[in-house]
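Working notes, beginning with the structure itself.
Each residue takes its place number in the sequence, starting with 1. Both counts, for ligands and for their atoms, begin at 1 and track the order of listing. Every value quoted in this text rests on a predicted model; they were computed, and no experiment measured them.
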Amino acid sequence: MRYPRLRLAIFIVGCALPLWWLYEAAMSLLGPDPGKILMDRLGLGALTFLLVTLSMTPLQRLTGWSGWIVVRRQLGLWCFAYIVLHILCYLFFILGLDWGQLAVELRKRPYILVGALGFLGLLALAVTSNRYSQRRLGARWKKLHKLVYVILGLGLLHFLWIVRSDLREWAIYAGIGGLLMVLRIPAVARRVPRLVGRRGRVAS
Ligand code: HEM
C-alpha cells in the first residue's frame with residue numbers, strides 16, 4: 001500500500017471531525033433543535049469533503065506529487081459517509097421516521113429532491129470506487145466518475161435553495177467549487193504552473 005501514514009492521517013482527521021461535530025451538537029442539547037444542528041453540520045461536512053476531493057487533481061498538477069491522487073478515493077468515501085449521516089439525521093430528527101409525512105415534506109421542501117439526486121450520484125460513485133469496478137468498467141469508469149461535477153452542482157443548488165437570503169456562506173462554497181471546475185478546463189489546466197518538480201506518476 002502506498003503512503004500508509006498519509007492514508008492513516010486522513011482517516012484520523014476524517015474520523016475526528018465528525019466526532020467533534022457530534023460532541024458540539026451534544027453540548028447544544030439544551031438548544032432548541034440539536035438534531036437540526038447535527039444534520040446541517042453533516043451536510044456542510046459532506047460538501048466540504050466533496051470540494052477537498054475535487055481539489056486533489058489540481059493539487060497534483062500544481063505540485064507534481066502523486067500522493068494527492070492516492071488519498072482522493074478515501075476522501076470521496078468520507079463525503080459519502082457524511083451524506084449518509086446527513087440523511088439519517090433528516091429521517092430521524094426532522095421526519096421522525098413518519099413515512100406518511102414524506103410526500104408532504106417533498107411538496108413543502110422541493111430542495112430535498114435535488115439533494116436526493118445528489119445522493120444517488122454519490123451512491124453510484126461509492127459502489128464503483130473499488131479496483132474491481134474500475135477494471136470491469138474500463139474507459140466507462142472515468143466517464144461515470146465525471147458525475148462528480150453534476151453532484152457538486154446539485155449539492156450547491158440544494159444548499160442555495162435553503163439559504164436564499166444570506167448568500168455569504170453559500171458563495172464561499174460555490175466560489176471554491178467554481179474555481180476547481182475552471183482549473184479542470186484543459187486550456188486552463190495546461191497553463192497552471194508546476195510549483196515543484198515531478199515526484200511520482202499519477203495513478204489516473
Ligand atoms: C436524500 C438526500 C438529502 C436530504 C433528504 C437532505 C435534506 C436536507 C435538509 C432537510 C436540510 C435542512 C434544510 C433547512 O435548513 O431547512 C439540508 C441542508 C443541507 N444539505 Fe442536504 N439533504 C440531502 C442531500 C444532500 C447532499 C447530496 C448534499 C451535498 C453534497 C447536502 C448538503 C446540504 C447542506 C450544505 C445543507 C445546509 C446546511 C446549513 O444550512 O448549514 N445535502 N439537507
Side-chain angles (χ1 to χ4, degrees), residues 10 13-14 17-29 31-57 72-129 144-181 184:
I10 299 282
V13 172
L17 280 178
L19 285 179
W20 176 75
W21 261 309
L22 290 170
Y23 170 78
E24 261 223 275
M27 287 298 104
S28 59
L29 263 178
D33 203 346
K36 166 102 174 66
I37 293 172
L38 197 54
M39 181 187 72
D40 284 350
R41 285 180 186 195
L42 288 163
L44 286 177
L47 201 52
T48 305
F49 266 100
L50 191 57
L51 293 176
V52 172
T53 309
L54 282 167
S55 62
M56 293 299 107
T57 303
R72 189 175 55 181
R73 175 173 167 261
Q74 193 192 141
L75 290 166
L77 288 173
W78 273 109
C79 169
F80 180 67
Y82 272 64
I83 220 57
V84 169
L85 292 173
H86 175 67
I87 294 169
L88 285 177
C89 279
Y90 170 72
L91 296 178
F92 276 98
F93 300 123
I94 311 291
L95 200 64
L97 295 182
D98 180 358
W99 305 109
Q101 262 305 102
L102 197 56
V104 181
E105 275 279 295
L106 289 178
R107 238 174 293 128
K108 211 168 70 186
R109 311 177 202 228
Y111 59 80
I112 289 178
L113 273 178
V114 177
L117 285 177
F119 167 70
L120 289 178
L122 280 171
L123 180 67
L125 299 195
V127 294
T128 58
S129 67
L144 175 69
H145 279 249
K146 289 221 170 20
L147 206 58
V148 69
Y149 309 132
V150 179
I151 297 167
L152 176 64
L154 290 169
L156 286 171
L157 178 61
H158 172 75
F159 190 10
L160 177 66
W161 211 315
I162 292 159
V163 289
R164 262 185 256 161
S165 54
D166 186 359
L167 290 180
R168 278 170 302 179
E169 192 177 21
W170 181 84
I172 295 172
Y173 285 87
I176 296 171
L179 176 69
L180 290 171
M181 291 303 99
R184 276 177 150 77

Determine, using heavy atoms of Arg41 and all atoms of ligand 1, whether some pair is separated by less than 4.0 Å.
-> no
Return the residue, atom name and 0.1 Å-rounded distance of the protein heavy atom closest to atom 38 (C) of ligand 1.
-> Asp40 O, 3.6 Å
Would you mind checking which non-hydrogen protein atom is closest to atom 14 (C) of ligand 1, with the distance to 0.1 Å?
-> Lys36 NZ, 3.4 Å
Donor-acceptor side-chain pairing of Thr128 and His145 below 3.5 angstrom = yes
Return the orientation label for the His86 and His158 ring planes: parallel under 30°, perpendicular over 60°, tilted otherwise.
-> perpendicular
Side chains of Phe93 and Met39: does their closest heavy-atom pair fall under 4.5 Å?
-> no
Heavy-atom donor-acceptor pair, Arg184 side chain to Leu54 backbone, under 3.5 Å = yes
Which heavy-atom pair separates Ile83 from Phe119 by the least distance, and what is that distance?
-> CG2-CD1, 3.5 Å
Taking the inter-plane angle between the rings of Tyr173 and Phe159 on a 0 to 90° scale, is it parallel (under 30°), tilted (30 to 60°) or perpendicular (over 60°)?
-> perpendicular
Hey, which protein N/O/S atoms does atom 21 (Fe) of ligand 1 have under 2.8 Å?
-> His86 NE2, His158 NE2
Going by heavy atoms in the side chains, are Val148 and Leu50 under 4.5 Å from each other?
-> yes
For ligand 1, which atoms have a heavy atom of Ala116 less than 4.0 angstrom away?
-> 1 (C), 2 (C)
Arg109 heavy atoms, cut-off 4.0 Å: which ligand 1 atoms fall inside?
-> 16 (O)
Are any of the side-chain heavy atoms of Trp78 and Val52 separated by less than 4.5 Å?
-> no
